[in-house]
Amino acid sequence: MKELEPILHKKTFQELTTDELYELLRVRSEVFVVEQNCVYQDMDGDDQKSIHLWLTVANKIVALARVCPAGTHMKEISIGRVITTERGKGYGKQIMLHAIEAAENHFGATLIDIEAQEYAKGFYENVGFEQSSDTFMLDGIPHIKMTWTKDLALDQLFFL
């Protein structure tokens with residue numbers, strides 16, 4: 001049976017329906033709080049200024065991310081709350097590439113920062129991010145800051 005192509009959804013907070021918002025928050029809680037056994041404040045006040053992206057297959061969220069403008073979650077434009085609910089199918093890479101594109105189109109990004117869980121360093125390197133800090137603890141989980149730079153990302157694509 002052929003896999004269904006994922007459908008991209010991209011909305012500002014104000015454009016989200018209550019059902020969409022509920023489902024995004026439910027998935028975030030399911031992964032970050034329950035699956036990773038990490039108690040933290042997910043609703044941090046940054047969602048209202050962010051672009052929310054998610055992929056669905058058969059009306060089920062398979063990946064999501066949010067793009068925050070500079071000065072909200074981090075000093076620079078940032079991408080966060082990156083989740084794939086079905087791993088190993090390329091949905092994570094797809095949502096990250098869409099998130100980078102949204103950061104460029106909506107906020108004029110030439111530089112994007114993320115706070116990546118340390119174990120995911122290779123994943124983010126595959127979409128053009130480079131480690132830009134030492135390891136630090138965030139909500140009890142080792143993280144690293146990683147940075148995407150437009151010129152550097154383009155250079156990397158030419159050498160792949």
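With sequence neighbours left out, the side-chain hydrogen bond (donor to acceptor under 3.5 Å, both in side chains) criterion links Thr135 to Glu118. Shown here are the side-chain hydrogen bond (donor to acceptor under 3.5 Å, both in side chains) partners of Glu76, two or more places apart in sequence or in another chain: there are none. Contacts of Tyr22 classified as side chain to side chain contact (heavy atoms under 4.5 Å, CB included), with partners at least two apart in sequence or in another chain: Arg26. In this structure Asp47 satisfies the salt bridge (Lys or Arg N to Asp or Glu O under 4.0 Å) test together with Arg28, Arg66, sequence neighbours excluded. Remark: Gln117 engages Gln36 in a side-chain hydrogen bond (donor to acceptor under 3.5 Å, both in side chains) (not counting sequence neighbours). For the salt bridge (Lys or Arg N to Asp or Glu O under 4.0 Å) test, no residue two or more places apart in sequence or in another chain qualifies with Glu15. Residues satisfying the salt bridge (Lys or Arg N to Asp or Glu O under 4.0 Å) criterion with Lys10, sequence neighbours excluded, are absent altogether. Among residues two or more places apart in sequence or in another chain, the side chain to side chain contact (heavy atoms under 4.5 Å, CB included) test is passed with Ser133 by Phe136, Ile144, Lys145. For Lys93, the salt bridge (Lys or Arg N to Asp or Glu O under 4.0 Å) test picks out no residue, with sequence neighbours left out. Scanning for side chain to side chain contact (heavy atoms under 4.5 Å, CB included) contacts around Met43 gives Leu25, Gln41, with sequence neighbours left out.
In the hydrophobic cluster analysis, where Ile, Leu, Val, Met, Phe, Trp and Tyr join through side-chain heavy atoms closer than 4.5 angstrom, Ile83 is grouped together with Leu16. Cluster membership for Leu8 and Met96, using ILVMFWY side-chain heavy atoms within less than 4.5 angstrom, is shared.
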side-chain contact (heavy atoms from CB on, under 4.5 Å) evaluation trace for Lys49 with Phe13: CA-CA 7 Å; Lys49 296 176 183 170; Phe13 183 83; over 6 Å; no
Candidate pair Val67 and Ser50, rule side-chain contact (heavy atoms from CB on, under 4.5 Å), full reasoning: CA-CA 5 Å; Val67 181; Ser50 300; 5.9 Å; no
Stepwise side-chain contact (heavy atoms from CB on, under 4.5 Å) check, Ile112 with Thr147: CA-CA 6 Å; Ile112 303 168; Thr147 302; over 6 Å; no
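Under the 4.5 Å side-chain criterion, counting only non-hydrogen atoms from C-beta, Met146 is not in contact with Asp113. The shortest distance between side-chain heavy atoms of Gln131 and Lys121 falls below 4.5 Å. Under the 4.5 Å side-chain criterion, counting only non-hydrogen atoms from C-beta, Leu53 is not in contact with Leu64. Put simply, the side chain of Val82 reaches to within 4.5 Å of the side chain of Tyr124, judged on heavy atoms.
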Contacts under 3.5 angstrom, residues 54-63 side chains, donor-acceptor by atom type, not counting sequence neighbours:
| unit_1 | atom_1 | unit_2 | atom_2 | d |
| --- | --- | --- | --- | --- |
| Thr56 | OG1 | His9 | NE2 | 2.8 |
| Lys60 | NZ | Glu86 | OE2 | 3.4 |

N/O donor to acceptor pairs below 3.5 angstrom from side-chain atoms of residues 97-111, sequence neighbours left out:
| unit_1 | atom_1 | unit_2 | atom_2 | d |
| --- | --- | --- | --- | --- |
| Glu104 | OE2 | Lys150 | NZ | 3.3 |
| Asn105 | ND2 | Glu101 | O | 3.4 |

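At a cut-off of 3.5 Å, with distance as the only test, a side-chain donor of Glu115 or His73 sits close to an acceptor on the other residue.
Atom CD1 of Ile77 sits about 10.5 Å away from atom SG of Cys68, to the nearest 0.5 Å.
Under 4.0 Å is where a charged nitrogen must lie from a carboxylate oxygen, and between Arg81 and Asp44 at least one such pair does.
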